[in-house]
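The block underneath contains the structure these notes are about, expressed in C-alpha cells.
Note that this is a predicted model, so its numbers are computed, not measured.
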Amino acid sequence: MATDTLKSKPGAQGGATGGLRRLLLDNGALTALIVLVVGMSALSGDFLTADNLLNVGVQAAVTAILAFGVTFVIVSAGIDLSVGSVAALSATVLAWSATEAGIPVALAVLLAVATGIVCGLVNGFLVSYGKLPPFIATLAMLSVARGLSLVISQGSPIAFPDSVSHLGDTLGGWLPVPVLVMVVMGLLTAFVLGRTYIGRSMYAIGGNEEAARLSGLRVKKQKLAIYAFSGLFAAAAGIVLASRLASAQPQAAQGYELDAIAAVVIGGASLAGGTGKASGTLIGALILAVLRNGLNLLSVSAFWQQVVIGVVIALAVLFDTVRRKAGATTPAAGASGGGNKGKQALTYVIAAVVAVAVVGATSLLHNGSSGADKPKIGLSLSTLNNPFFVQIREGAEEEAKKLGVDLTVTDAQNDASQQANQLQNFTSGSLSAVVVNPVDSDAAGPSVRGANQAGIPVIAVDRGVNKADTSALVASDNVEGGALGAKALAEKLGGKGTIVILQGQAGTSASRERGAGFAEGLKAYPGIKVVAKQPADFDRTKGLDVMTNLLQAHPDIDGVFAENDEMALGAIKALGSKAGTSVQVVGFDGTPDGLKAVRAGTLYASVAQQPSELGRIAVRNALRAAEDEKVEKMVKVPVKVVTKENVAGFEG
C-alpha cells in the first residue's frame, strides 16, 4: 500500500527542541486549532461558553460531513466539486417526495440517499470509464445537480418533514443532533480508511495509480465506489443542513465544496493523493468554524472574514509543503503501528491538557470586566453584494452611531445556512438585540427561535421571519411594490404591448413577492403580454447578459420589468439607445445608480423602498425592544414610484 510517510533525516534535529519541532510539524492542524481557540478565548469573553462551543460544533457539522466524503476522493488523488450541489439536490428530493409526492418519509429519506449515491456513481463513471479529468466531471455534476434542484423545487424552498427536521434539534435540550451525526460519520470515515480493503485501495491509488493497477487492484471499480461514498456523505450533509433550516433550499450549500476541500487540506491531506485521515479532516472543519464564529464575535467586517479564511487556507497548503521538506511523518490511516498510535493518542491528550490550561488562564482576563458600557446590536443582512442592502447597512450604522450603539454587521452572502450560523453566533454573544434581514423567511425561523429562547429581542427588516417571534417587522411591502411597478409600466405603455421580466435569485422571498405583486397588478391590463421571464439573480452583469439573449428572440418588445435596479441597469446597457425611447424599463429599490438612470431618462421608473430609512428604523426599534419599551409589531416604510417628474425631491 502506498503511503506518504517521510522519514526524518538523522541528525537534522536534536534533543527536546527537535522533538518539539517534530511534534508541531506532525500535528500542524491540531496546533493551529489550539492556537485559534486560545486566541479567540483571549480576545472575546463570549467565545468560551458552553452554548457557543456547541454552536461551533453545529456550524462545523455540515462542512465536516461533506469533507469526510471528499477525503475519500482526495486520498485517491481525485477531486469532487459537486458535493454542495448534490447535498442541495438530495435535500430537495427528500422534501419534494415527502410533501408534494406524498411518499412515506422513510422511503423519501432512502430516495434522497440514493440520489446522492447515484450522483457519485455518475461522477465515478465519467472519471473511470469516460476518462474525464475529475475536475471537469464533477464540475459538470455541480451544474446538473444544482439545475435539477431548481427544477424540482421550481426555485422555491420546500418545507421539510417534521419527523426529519428533528435532525436539526438537540437531545436533552443541550446536545445538538448535527454534532452527533458528524461524529458518527467521522467514525465511519476512520473505519473505512483504516480498516477496510477499499480504504487501503484509496491510499494505493492515490500514491501511484499505475502501480496499484499493476498490483491487481481494479482501479476503475474502486473509483466508482470512492465517488459513490462521496455522494452518500453529500446526501447526509444535505439532509442535516435542510433539517437545521426546516426547509430544503434549492440554492443551499453553494460554495460548500470549496470549504470541504479546504477542511481536508487544512487537516493535512495532500491534493496529490496518498495521504489524509478522518481526524485531520475534522480538525480542518473545526478550524474553519472557529474562525468564522470568532470573527463574528469580534465584529470583524464580513469582507475581511473572507480574506482571513483565504489566507488560512493558503498558509495550510504552504505549511504542508514545509512539513514535507522537513521530513514530517504523515502516516496513512491504518498504516501506523501500535507504537505510533500510542504516541498519537498521547499527543492528543497532551494537546487537550495544554489547551484547557491556557484557555482557563486566558478566561481570567475577562472575569470581572463586563464591558456593558453601551448596548450591542447584531445586524445580519442577506447580502452586501447589492446596493439596496448596502444602503440598509449605512442607515443602520448611521443610527447606531447617533444612539451610541455598538453595531456588528454580518453578510450571509444569500446563503440561508450561513445566516443561521451568524444568528447562532449573535445568540451566544452578549447582545442586547438582533436585527435580521432573512435570506429566506422559513430558513431563518429556527435560529430566531433560538434567540427567543435566550431572551434576545429580534427585529426583522425588509422580510419577515416565519414560525418565530419577532418584536417588529420593519418593511415596505414587496407585493405592493410589484403591483405599483406593473401599474407604472402598463400606463406608460398605454395599456398594451409586449414585455419581458428579469427575475431575481431563485428561491428568495424578495423575488417571489415582487414577481407575485407584478403578476397581480398586471391583471388589470389585459393588453400587456409577458413574452419571457428569466432569472438574472439580482445582478447587473447577469441582467446585461440575459437581456442581450432575450433580445435575440424578442427584438420588438415594448417594456422590461426588473425585480431590482441592478438588473434593470444591466438591461438598459443591453438595450442601448432603445432604453427610454422605444423600450420602457422599470426597476425596483430606488438605489443611487437607479435614480441617476431615472434622471437620465433611460430608466422610466424605480419602485423605491427607502433602504436607508429601513436600516435606521430597524436599529431604533431594536434598541427600544432591548430596553423593554413598547414597539409596534409592524412598521411600514412607504413605497414610492420614482419617475423623472419626482426624482429631484426624492431622498432614498
Side-chain angles (χ1 to χ4, degrees), residues 377 379-384 386-403 405 407 409 433-439 441 444 457-466 470-488 504 508-518 520-521 538 563-566 568 586-595 598 605-625 629-643 646-652:
I377 294 176
L379 169 59
S380 174
L381 289 167
S382 57
T383 180
L384 282 173
N386 183 312
F388 176 78
F389 298 106
V390 171
Q391 285 182 281
I392 289 181
R393 183 196 67 187
E394 290 170 351
E397 289 174 339
E398 180 184 313
E399 191 68 16
K401 186 176 180 181
K402 177 182 170 184
L403 298 173
V405 169
L407 184 69
V409 182
V434 170
V435 179
V436 59
N437 160 237
V439 173
S441 299
V458 178
I459 304 294
V461 62
D462 189 46
R463 304 163 189 162
V465 179
N466 296 337
T470 54
S471 300
L473 168 60
V474 180
S476 45
D477 193 331
N478 275 319
V479 176
E480 180 196 359
L484 288 175
K487 181 181 179 182
T508 58
S509 56
S511 180
R512 291 198 305 272
E513 291 167 4
R514 294 175 185 186
F518 186 83
E520 187 63 31
F538 293 130
E563 291 176 358
N564 82 337
D565 283 346
E566 286 295 288
V586 173
F588 207 116
D589 284 341
T591 63
D593 282 352
L595 297 181
V598 171
S606 177
V607 181
Q609 296 192 82
Q610 306 184 77
S612 297
E613 189 65 14
L614 287 173
R616 283 191 286 268
I617 295 174
V619 169
R620 205 178 304 146
N621 280 272
L623 185 58
R624 286 176 184 166
E629 294 181 18
K630 187 177 179 181
V631 178
E632 293 292 332
K633 232 6 184 174
M634 183 71 195
V635 182
K636 281 284 189 182
V637 178
V639 176
K640 299 180 180 179
V641 176
V642 184
T643 63
N646 65 348
V647 68
F650 182 78
E651 295 180 1

Handout entry: Residue pair Asp462, Phe388: steps toward the side chain to side chain contact (heavy atoms under 4.5 Å, CB included) verdict
Key = CA-CA 11 Å; Asp462 189 46; Phe388 176 78; 3.9 Å; yes
Please report the shortest heavy-atom distance between [X] and [Y], naming the atom on each side.
X	Y	answer
Ala622	Val435	CB-CG2, 3.7 Å
Gly587	Ala568	CA-CB, 3.9 Å
Asn564	Phe538	ND2-O, 3.2 Å
Val642	Ala608	CG2-CB, 3.7 Å
Leu614	Ala475	CD2-CA, 3.8 Å
Ala488	Val641	CB-CG1, 4.1 Å

If you measure from [atom1] on [X] to [atom2] on [Y], what distance do you get to the nearest 0.5 Å?
X	Y	atom1	atom2	answer
Leu473	Glu632	CG	CD	12.5 Å
Glu480	Glu513	CD	CD	12.5 Å
Thr470	Met634	OG1	CE	9.5 Å
Phe588	Phe518	CZ	CZ	11.0 Å
Glu629	Leu623	CD	CG	7.5 Å
Arg616	Glu397	CZ	CD	12.5 Å

Handout entry: Counterpart residues, side-chain contact (heavy atoms from CB on, under 4.5 Å), relative to Lys401 (two or more places apart)
Key =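 With sequence neighbours excluded, Lys401 shows a side-chain contact (heavy atoms from CB on, under 4.5 Å) to no residue whatsoever.
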Practice task
Go through the structure and list residues passing side-chain contact (heavy atoms from CB on, under 4.5 Å) with Ser476, not counting sequence neighbours.
Solution key: Gln609, Val639
Exercise for the section: For residues Gln391 and Pro592, determine if any side-chain heavy atom of one lies less than 4.5 Å from a side-chain heavy atom of the other. Expected result: yes
Practice task
Please tell me if the side chains of Ser382 and Arg463 come closer than 4.5 Å, counting only heavy atoms from C-beta onward.
Solution key: yes
Problem - Matching residue for Ser606 among Thr643, Thr591, Asp589, Asp565 - test: side-chain hydrogen bond (donor to acceptor under 3.5 Å, both in side chains) - result: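 Passing option: Asp565.
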Problem - side chain to side chain donor-acceptor pair (under 3.5 Å) against Glu399, all qualifying residues, sequence neighbours excluded - result: Arg620
Handout entry: Exceeds 12 heavy-atom contacts within 6.0 angstrom, atom NZ of Lys630
Key = no
Handout entry: Residue of the set Leu379, Asn437, Val474 for which side-chain contact (heavy atoms from CB on, under 4.5 Å) holds with Ile459
Key =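 When Leu379, Asn437, Val474 are each tested with Ile459, the side-chain contact (heavy atoms from CB on, under 4.5 Å) holds only for Val474.
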